[in-house]
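In what follows, a structure is listed as structure tokens, so that the remarks can point back to it.
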Amino acid sequence: MADEISLDDACLTEQGLEPRAPNSGKVLLIACGALAREILALSRMNGWDHFELTCLPAKLHLFPDQIPDAIRARVARARADGFEDIKIIYADCGTGGLLDKVCDELGVERIDGPHCYSFFDGNDAFAARGEAGEITSFYLTDFLVKQFDAFVWRPMGLDRHPELRDMIFGNYEKLIYLSQVDDPDLLEKAREAASRLDLAFEHRHTGYGDLAAFMARSA
């Protein structure tokens, strides 16, 4: 997992987006590392060159109780560096509302949604589908398809104890792949992930969903 996490920590450097001088009038986006490629793609496609991006490690999804304090620390550092306009591209991500309390306290806006599956699908559409029975579905995004072993298979112990599959996924009926880009290789990997989990497979191409709208409002 170390290789994937180091990519998250270094996403600014790797993408050539080192923070510019303080007080440069840029909008700082503090995001989950799992969203870095999507944020950068939207910035390129729309010519949004006023954004700066800094990422927290995607591994924090395994420890959601640590996310609020990590956001608090990153916002404090950003303000010390002179950034005034700061947006948070994190859903609630299992913090049970604690992330919203931190954002309210700090006076920063975050993207709406309980998790990235919801805002990629569109929060309203996702909520409606949930009411129709998708609570028995397990979701993957492009990032999670690429990092399936690092963020699903190994952390859940399935590489060592495959018998845990029934205990962990016994109440799930299908795996839904919410794709951001049209990539046949990723689609095949998502099908393989569904097979490994012994779940039915569904593919839904969402594109960037509400993430695009959030960034556009911040532009």
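Being a predicted model, the structure only gives us computed values, none of them experimental.
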Exercise for the section: Start with the C-alpha gap between Phe201 and Leu187, add the side-chain angles, then the distance that decides, and say whether side chain to side chain contact (heavy atoms under 4.5 Å, CB included) holds. Expected result: CA-CA 10 Å; Phe201 178 72; Leu187 180 58; 3.8 Å; yes
Problem - Verdict with supporting geometry, Leu197 and Phe148, side chain to side chain contact (heavy atoms under 4.5 Å, CB included) - result: CA-CA 11 Å; Leu197 295 175; Phe148 181 76; 3.9 Å; yes
Exercise for the section: Take Asp112 and Asn123, measure what side-chain hydrogen bond (donor to acceptor under 3.5 Å, both in side chains) needs, and give me the verdict at the end. Expected result: CA-CA 8 Å; Asp112 289 334; Asn123 285 312; 5.4 Å; no
Practice task
Evaluate salt bridge (charged side-chain N to carboxylate O under 4.0 Å, His left out) for Arg196 paired with Asp149, printing each intermediate quantity in order.
Solution key: CA-CA 11 Å; Arg196 290 167 70 182; Asp149 283 342; 2.8 Å; yes
Handout entry: CA sep, side-chain torsions, deciding dist, call: Ile86, Arg74, side chain to side chain contact (heavy atoms under 4.5 Å, CB included)
Key = CA-CA 10 Å; Ile86 301 170; Arg74 190 62 61 94; over 6 Å; no
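Only one option out of Ile30, Ile71, Leu35 pairs with Tyr90 in a side-chain contact (heavy atoms from CB on, under 4.5 Å); it is Ile71. Under the side-chain contact (heavy atoms from CB on, under 4.5 Å) test applied with Ile111, the options Leu29, Leu211, Ile88 reduce to a single match, Leu211. Of the residues listed (Leu28, Val27, Thr54), the one engaging Phe83 in a side-chain contact (heavy atoms from CB on, under 4.5 Å) is Leu28, and it is the only one.
Between the Arg191 side chain and the His203 main chain, no donor and acceptor come within less than 3.5 Å of each other. Proximity of a side-chain donor or acceptor of Arg110 to a complementary backbone N or O of Cys103 within less than 3.5 Å is not detected. Between the Arg204 side chain and the Leu178 main chain, no donor and acceptor come within less than 3.5 Å of each other. Thr95 places a side-chain N or O within 3.5 Å of a backbone atom of Asp92 that can act as its donor or acceptor partner. The backbone N or O of Val181 sits less than 3.5 Å from a side-chain atom of Asp142, completing a donor-acceptor pair. The closest donor-acceptor contact from the side chain of Lys26 to the backbone of Asp49 lies under 3.5 Å. The backbone N or O of Leu42 sits less than 3.5 Å from a side-chain atom of Asn46, completing a donor-acceptor pair. Between the side chain of Ser137 and the backbone N or O of Leu175, no donor-acceptor pair lies under 3.5 Å.
Residues passing the side-chain hydrogen bond (donor to acceptor under 3.5 Å, both in side chains) test with Thr141, sequence neighbours excluded: none.
Counting non-hydrogen atoms of other residues, nucleotides and ligands closer than 6.0 Å to CG of Asn171 gives a total of 12 or fewer. Annotation for Asp65: atom CG counts as buried by contact number, over 12 foreign heavy atoms lying within 6.0 Å.
The aromatic ring centroids of Phe143 and Phe120 lie 6.0 Å or more from each other.
Between Phe169 and Phe138, the ring-plane angle classifies as perpendicular under the 30° and 60° cut-offs.
Leu98 and Ile67 fall into different hydrophobic clusters, where Ile, Leu, Val, Met, Phe, Trp and Tyr side chains are chained together by heavy-atom contacts under 4.5 Å.
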